[in-house]
Amino acid sequence: MTVATGTRRELMVVAAGREIRDGEVVFVGMRLPLLGFGLAKATHAPHAVGLFENGVIRDRPAEDFIYTMGDPPNIAGAIACLGLLDVMSLLQQGRVDVGFIGGAEIDPLGNLNTTRAEADGRVVRLPGSGGGQDIASLARRTVLIMEHEPRRFRPHVSYVTSPGHWPGRRRGGPATLITTLGVFDLRGGRFRVESLHPGVGLDEVRAATGFPIEAEASPRTTKPPTPSELAYIRRADPQGFWTGGPS
Amino acid sequence: MTVATGTRRELMVVAAGREIRDGEVVFVGMRLPLLGFGLAKATHAPHAVGLFENGVIRDRPAEDFIYTMGDPPNIAGAIACLGLLDVMSLLQQGRVDVGFIGGAEIDPLGNLNTTRAEADGRVVRLPGSGGGQDIASLARRTVLIMEHEPRRFRPHVSYVTSPGHWPGRRRGGPATLITTLGVFDLRGGRFRVESLHPGVGLDEVRAATGFPIEAEASPRTTKPPTPSELAYIRRADPQGFWTGGPS
Amino acid sequence: MGDKRRLMREAIADLVHDGDSIALGLALESGIPFGAVHEIIRQGRRDLTLIGPISDMAFDQLIGAGSARRVIAAWVGNVAGGSGYGFRRGVEQGIPRALEVEDHSNFTVGLALKAAAMGLPFLPTLTGLGSDIVRDHPRIRPVDDPFGGPPLLAVGALTPDVTIVHAQRADPQGNAHLWGNLGLTVEGAYAAKRTIITCEEIVDEAVIRSDPNRTVIPGFLVDAVVEAPGGALPSSCQGYWRRDFEPFLSYHRQSRTVEGFQAWLQEWVLGVPSLTAALAKLGPDRLSRLRVEERRLAAAANFAP
Amino acid sequence: MGDKRRLMREAIADLVHDGDSIALGLALESGIPFGAVHEIIRQGRRDLTLIGPISDMAFDQLIGAGSARRVIAAWVGNVAGGSGYGFRRGVEQGIPRALEVEDHSNFTVGLALKAAAMGLPFLPTLTGLGSDIVRDHPRIRPVDDPFGGPPLLAVGALTPDVTIVHAQRADPQGNAHLWGNLGLTVEGAYAAKRTIITCEEIVDEAVIRSDPNRTVIPGFLVDAVVEAPGGALPSSCQGYWRRDFEPFLSYHRQSRTVEGFQAWLQEWVLGVPSLTAALAKLGPDRLSRLRVEERRLAAAANFAP
């Protein structure tokens, strides 16, 4: 793919940013969603507020590149530095409109597993929930970010770390899934293609997904980044630390 | 009573100070206990720490006279200014060794009423618990401070604002009662004269107490303030705002 | 997040309605937003539910003025004087109108606000066992320890319609810096549906962002920020105003009778159009005695990345 | 309150015992007390239970060194690299020894510490409903809402034997000033039986008293205060040290194999006598690149009475 339309990860950043509406309170997280938040702030959502689970509240991106949410540039110029329980309490109150979560495995209901997986018969211990379970349980809606690989898309995840759509849910649930291949609408417990990234075909997606998915005969193409969106991303991630890789 | 031995309220301050042991964590409160805390710090308990329910933690008295615990001199030079729930949490943890409470009415079990009293058939609404119920419930021991008047010492208080000794108690309870007439030992739910203030007789005390009290035939006399104790009190309360009145 | 600066009159008119529950005076004896309290009285609000830990004079004034129907608090009176006569007349005689009281301790009213601030229906506690306060209490019930320990009490969540806080400074978006004793201020702001900040100074956002740990109330929880220097007088505001002791005593004396209260109300609230006018009425000498001129600054804290 | 200043070696020797539960890294990726962590390894502690929200490399090192028997955490790994190989070997293969894991989310481990900090047996929450983490969990059970709402989960109290915190500064009595993101630092210090503060600077008590709102851990909760500048490296310490990114990546590479881990352990922990020696090993250029020289000071806050 040419520089003009960006790498797939750049596409994912743009798609993530588009999930944020102006004025919303966003549980941000790191990597692609962090870039998406900054992009949204710089474009269509200037009044969005970002919460980080370490207690940091920001209404604009850090002035320097950060590797973790605790890095000093994420503190300097923050609106507030509170405690973890303060931001989790805001989440539990229902004051957080949208939260971003990633996972190692996903199933059709948007359940995510980040705790333990099986690979060729062996159990692989994954790092764990972090704040994933909390965002999945308590945000008004969630946006999921995944590498689109067959081993990650399973009819049933072996362990539900971050619950998706289930009968007992009281609030929220997965709204959108953004992968390396496309954007999917998960509202109401369905799993529908919303758009495919440029150059990605429906067959490729079905082959990379271990369960049936709904799609129109010829799905829309994910709107590529505008030049100014690309310019923003490349300023924010100059080394391509997060957005480099497969184009 | 002469200046040499001090007013009764000065005696009460000294008695309150003597209830504080070195190194203890003290839930202070205002008026006489505040002076008692300062006196203890200045004499036998240099390492005591004082908590105030507004969230202030001090290890020495305020440098100027304060009318309320929120007055600016009580903040300046404090160790910490936390929230009310932070100090209440320390209290609930059992980290507070001793707390001071006053009341409008008391009964033989050390139950205190600061909510509503009956006077000549009419209900009189009192200000309420403040932190009294919490200190009474949660401190490792409590020291009660009262005006010693018949209408205040009742076989049964009409309303238990701050619980005294009762079967369900899990911790602490009233240890000592300091009144305008003497000092009383309330441990274990008994009500015993420990000492009477200089010039006070047992008959006077019995007449001022609406229920039977235990006492030795000739109770000890409350140890009067030393000159240096008196000097401290008169520096701390130069106008006699709290320690003036009936000598 | 948008500019939330408002005049006191507008903020009270738009955000405080008849019948609302209002939490204020949450820092106990300091930082009581008397400027907002008196504007509420001037605008003739009715049927308010007043929420706080202890209330030093402010609730007594609202009750005496007939603005309140209900009080949810641990202590209502006048810390310097003791009893609050307006509160007593309301409870004992229904003057100027019947007053309901939901009694609490400082801890239980704090836990009620904290439960709401955490988005929970209740928080457990050990305080109050054996007290008459918790008997037949509408917001306090027994709860079992699911881990087999002895039973506790559950304090139900309390969500004020409005919380009013007096802060030292805030930016136009409502991000507020507070220091000194905080009491239940933070819990009250998180718990409320709407929050009004009155403050000594509205400052540039750069001042607030220079110390994010001092921002105990983030602006996205705030609906209006009102620049109201002296808005906590006669209570103190650390670093800005000393406590003005005399008005607490004179109010205590005057309010002993209904007539005395009405005279006080006319002279200090209804007869003055605004906080500014009330402060002017104190006169420059009084104000300069109360204003903190000395500076004892917090030690430097470096936030450079 | 007495002078609590100790050397790192003394503080760890006296206050951290085999079999203890230890909470550390409570501010998540910043302020991780690596100096204390490596001293614990040098002193050969065993059978430790490690408590924290996410752990960025520190738990992985303690596990790889054989110091830990159990982990109570929400996430264990290497934030820059992903998986923690020491953690994986412990869980998957029992290398160097079997490792038990009590899985949590950041919120539930925080509530477990907060319950202990509040002196409660549990705190209720809505998080985790529908998750496999809470199924058959030793510390999480259903609890009814006594006010009739839908059922919640109760998170049982977690009381660490020791909590270790890296602060910017503290006075000799252990009154500690912290700024930047706090994570679960305050809850961990309140919850613990013993607390060790390592800090960039031990300062005169007047510095601490100049800003009591910055004292998030009062000294009477602290057992030892250790002056350990750079004691959080390679993690950051706001206003003092930047994050040293390279060691996280090189440790991630080296620890992929047991041999690589042992080489790292020998070079950076067992082979160096102290934190001071480890910092010297980094060299002056590296240290000066990491040290924050710029000053962006918090806006003045006046505490004058």
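All values derive from a computational prediction rather than experimental measurement. Naming convention: chains lettered A, B, ... in sequence-line order (proteins, then strands); numbering from 1 in each chain. The basis for the numbers below is simple: all heavy atoms, side chains too, and nothing from hydrogens, waters or symmetry mates.
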Exercise. With a 4.5 angstrom heavy-atom cut-off, which part of Met69(A) approaches chain D: side chain, backbone, both or neither?
Worked result: both
Exercise. How about Arg97(D): does its CZ atom have over 12 heavy atoms from other parts shown lying under 6.0 Å from it?
Worked result: yes
Exercise. Looking at Arg296(D) and Ala76(A), what are the two nearest heavy atoms and their distance?
Worked result: NH1-CB, 3.9 Å
For this session: Hey, could you give me the CZ/CG distance between Arg242(D) and Asp64(A), rounded to the nearest 0.5 Å?
Result: 9.0 Å
For this session: Please flag which part of Arg170(A) lies under 4.5 Å from any non-hydrogen atom of chain D: side chain, backbone, both or neither.
Result: side chain
Problem set entry | Shortest non-hydrogen contact from Asn181(D) toward Cys81(A) | N-SG, 4.1 Å
Seminar exercise, completed: All heavy atoms of Arg31(A) vs all of Val79(D), minimum pair found to be NH2-O, 3.6 Å
For this session: Examine whether an atom of Ile66(A) lies under 4.5 Å from a heavy atom of chain D, and if so say whether it belongs to the side chain, the backbone or both; otherwise answer neither.
Result: neither
For this session: Heavy atoms only, distances under 4.5 angstrom: which of Asp103(D), Leu113(D), Thr108(D), Leu182(D) has the most pairs with chain A? Name it, please.
Result: Asp103(D)
Problem set entry | Pair Trp75(D)-Thr114(A), side chain to side chain contact (heavy atoms under 4.5 Å, CB included): steps then yes or no | CA-CA 9 Å; Trp75(D) 193 96; Thr114(A) 58; over 6 Å; no
For this session: Pick one of side chain, backbone, both or neither for Ser129(A), based on which atoms fall under 4.5 Å of a heavy atom in chain D.
Result: both
Seminar exercise, completed: What one should report as the nearest heavy-atom pair of Thr68(A) and Arg243(D) is CG2-CZ, 3.5 Å
Seminar exercise, completed: When the 4.5 angstrom heavy-atom criterion is applied to Trp179(D) and chain A, the contacting part is neither
Problem set entry | CZ (Arg135(D)) with more than 12 external heavy atoms under 6.0 Å | no
Exercise. Is the backbone N or O of Ser162(A) less than 3.5 Å from a side-chain atom of Ser131(D), with the two atoms forming a donor-acceptor pair by type?
Worked result: no
Exercise. Heavy-atom distance under 4.5 Å to chain D: side chain of Leu138(A), backbone, both or neither?
Worked result: side chain
Seminar exercise, completed: Answer key: most heavy-atom pairs under 4.5 Å with chain A among Leu26(D), Leu28(D), Ile54(D) is Leu28(D)
For this session: Look at the rings of Phe245(D) and Tyr67(A) and say which category their plane angle falls in: under 30° parallel, 30 to 60° tilted, over 60° perpendicular.
Result: parallel
Exercise. Is it the side chain or the backbone of Val101(D) that comes within 4.5 Å of chain A heavy atoms, both, or neither?
Worked result: side chain
Exercise. Highest number of heavy-atom pairs under 4.5 Å with chain A: which of Pro150(D), Ser55(D), Gly31(D), Gly90(D)?
Worked result: Pro150(D)
Exercise. Taking every heavy-atom pair that is under 4.5 Å apart, which of Gly130(D), Ser235(D), Ser30(D), Gly180(D) has the most such pairs with chain A?
Worked result: Gly130(D)
For this session: Look at the side chain of Gln238(D) and the backbone N and O of Ile75(A), then say whether any donor-acceptor pair between them is shorter than 3.5 Å.
Result: no
Problem set entry | Heavy atoms from other residues, nucleotides or ligands near CD of Gln239(A) exceed 12 (cutoff 6.0 Å) | no
Exercise. Who among Val124(A), Asn111(A), Leu126(A), Ile135(A) has the most heavy-atom pairs with chain D under 4.5 Å?
Worked result: Val124(A)
For this session: Verify the neighbour count for atom CZ of Arg116(A): are there more than 12 heavy atoms of other residues, nucleotides or ligands below 6.0 Å?
Result: no
For this session: Before giving the answer on side-chain hydrogen bond (donor to acceptor under 3.5 Å, both in side chains), spell out for Thr127(D) and Gln92(A) the whole-Å C-alpha distance, their side-chain angles and the decisive distance to 0.1 Å.
Result: CA-CA 7 Å; Thr127(D) 194; Gln92(A) 189 165 248; over 6 Å; no
Exercise. Side-chain contact, heavy-atom cut-off 4.5 Å: Ile133(D) with Thr161(A)?
Worked result: yes
Seminar exercise, completed: Assert top hit (heavy-atom pairs under 4.5 Å, partner chain D, pool Arg171(A), Gln133(A), Met88(A), Arg122(A)) equals Gln133(A)
Exercise. Between Phe107(D) and chain A, which part of the residue has a heavy atom less than 4.5 Å away: side chain, backbone, both or neither?
Worked result: both
Exercise. Do the non-hydrogen side-chain atoms of Pro127(A) and Val76(D) ever get within less than 4.5 Å of each other?
Worked result: no
For this session: Determine the minimum heavy-atom distance between Leu84(A) and Pro53(D), stating which atoms define it.
Result: CD1-CB, 4.5 Å
Seminar exercise, completed: Answer key: most heavy-atom pairs under 4.5 Å with chain D among Leu85(A), Val123(A), Val87(A) is Leu85(A)
For this session: Using modelled atom types only, decide if a donor and an acceptor are shared between the side chain of Glu92(D) and the backbone of Arg125(A) within a distance under 3.5 Å.
Result: yes
For this session: Go through the atoms of Phe52(A) and report whether side chain, backbone, both or neither lie under 4.5 Å from a heavy atom of chain D.
Result: neither
